[in-house]
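Working notes for the structure below.
One is the number of the first residue; the rest follow in order along the sequence.
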Amino acid sequence: MPGTEYRNLLVTGDDAAVRITLDRPEKRNALSLELMEELISALHEASARAATRAVVIEGAGTVFSAGHDLSEMIGRDEAFYRELFQVCTVMMETIHELPQPVIAKVHGTATAAGCQLVAACDLAVAADGARFGTPGVKIGLFCSTPMVPVSRAVGRKRAMQLLLTGEPIDAATALDWGLINRVVGADELEPAVVELVEAIARSSSYTVATGKRAFYAQVDRAEHDAYEHCRIVMADNALADDAQEGMNAFLEKRAPTWRGG
């Protein structure tokens, strides 16, 4: 896919998806400040591409991501650390702000901020040999920012187990806990991601974007407030061309023709 060239990422595109590969295999795809800044840019660029229906994030080499690059975190001043974690926060929030679903394709390990990245993605598919963890407590740096999406994905007690022990969990446990959506054999990882992209691409891009935005807007609200928000969203959605087309197509027993609005 033509576009910006990155030092720490490989970006490619097909008919429906943009693939963003973390490309620091020699550093176990550690999330350096530069890589995170590039990933923010790549996410926006992918989203702006007219054909993009989903974005897939994966890692080069033997792991998904080992988390922050500790080698750049030794002996720095407060301003650097504040910038580092601010950029990390913006990167994670950008994933939720994109109208297209973002899918983590996970192999090997995803630890610390790498586990945070998986938890922040809208969907995640993992190979059966994948492992997940937040081991910062073992090196004196508690995984406080990874805690935010991880605790929202797996719940309090399970998150505290990960955070306080630093011990990893396997892919089957991650699936059971709700950190990921599906576990497949290593040779089935790519077909499983393609299947997910194709399922997303069959629906209206406008409707998918509306639903994703509404999901994150309501998920942490009290039930009544969530209903107040979503009833307005759904009424507006019902007026959209794609909703009218979809309902008519269903009643007429034909395939819909989406217009993206």
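- By the 6.0 Å contact criterion, CZ on Arg156 is open, its count of non-hydrogen atoms from other residues, nucleotides or ligands being 12 or less.
- Within 6.0 Å of CE in Met234 there are 12 or fewer heavy atoms belonging to other residues, nucleotides or ligands.
- Here the OG1 atom belonging to Thr165 is positioned 5.5 Å from the CD atom belonging to Gln161, to the nearest 0.5 angstrom.
- Considering only heavy atoms from C-beta on, Arg182 comes within 4.5 Å of Glu195 through its side chain.
- A salt bridge does not link Lys27 to Glu72: none of the charged nitrogens lies less than 4.0 Å from a carboxylate oxygen.
- The local environment of CD in Glu252 is crowded, with over 12 non-hydrogen atoms from other residues, nucleotides or ligands closer than 6.0 Å.
- Under a 4.5 Å side-chain heavy-atom cut-off, the cluster of Ile, Leu, Val, Met, Phe, Trp and Tyr residues that includes Tyr227 has no other member.
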Contacts under 3.5 angstrom, residues 111-130 side chains, donor-acceptor by atom type, not counting sequence neighbours:
residue, atom, partner, partner atom, Å
Thr111, OG1, Ala66, O, 3.2
Gln116, NE2, Thr145, O, 3.4
Asp122, OD1, Tyr216, OH, 2.5
Asp122, OD2, Val102, N, 2.7
Asp122, OD2, Lys212, NZ, 2.7

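- A distance of 13.5 Å separates CG of Asn237 from CD1 of Ile232, quoted to the nearest 0.5 Å.
- Taking 4.5 Å as the limit, every side-chain heavy atom of Phe64 sits out of range of all side-chain heavy atoms of Asn29.
- Phe250 belongs to a hydrophobic cluster whose other members, connected by ILVMFWY side-chain contacts under 4.5 Å either directly or through intermediates, are Leu251.
- Applying the 6.0 Å contact sphere to CD of Glu26 captures more than 12 heavy atoms from other residues, nucleotides or ligands.
- Checked against Val87 for a side chain to side chain contact (heavy atoms under 4.5 Å, CB included), the options Leu35, Leu31, Leu39, Leu33 give a single hit: Leu33.
- Side-chain contact between Ile180 and Phe132: present, with at least one pair of heavy atoms (C-beta onward) separated by less than 4.5 Å.
- Follow the hydrophobic side-chain contacts under 4.5 Å out from Leu98 and you never reach Phe215; the two are in separate clusters.
- Salt-bridge formation is detected for the pair Glu34/Arg7: a Lys NZ or Arg NE/NH1/NH2 atom is positioned less than 4.0 Å from an Asp or Glu carboxylate oxygen.
- Checked for salt-bridge contact, Glu190 and Arg19 meet the test: a charged N lies under 4.0 Å from a carboxylate O.
- In Asp77, the CG atom is crowded: over 12 heavy atoms of neighbouring residues, nucleotides or ligands sit closer than 6.0 Å.
- By the neighbour-count criterion of 12 heavy atoms within 6.0 Å, atom CZ of Arg259 is sparsely surrounded, having that number or fewer from other residues, nucleotides or ligands.
- For the pair Glu38/Asp23, no side-chain contact is recorded, criterion being any heavy-atom separation below 4.5 Å from C-beta on.
- Put simply, the side chain of Val137 does not reach to within 4.5 Å of the side chain of Leu164, judged on heavy atoms.
- For the pair Val193 and Glu58, the minimum side-chain heavy-atom distance is 4.5 Å or more.
- Under the 4.5 Å side-chain criterion, counting only non-hydrogen atoms from C-beta, Arg158 is in contact with Asp176.
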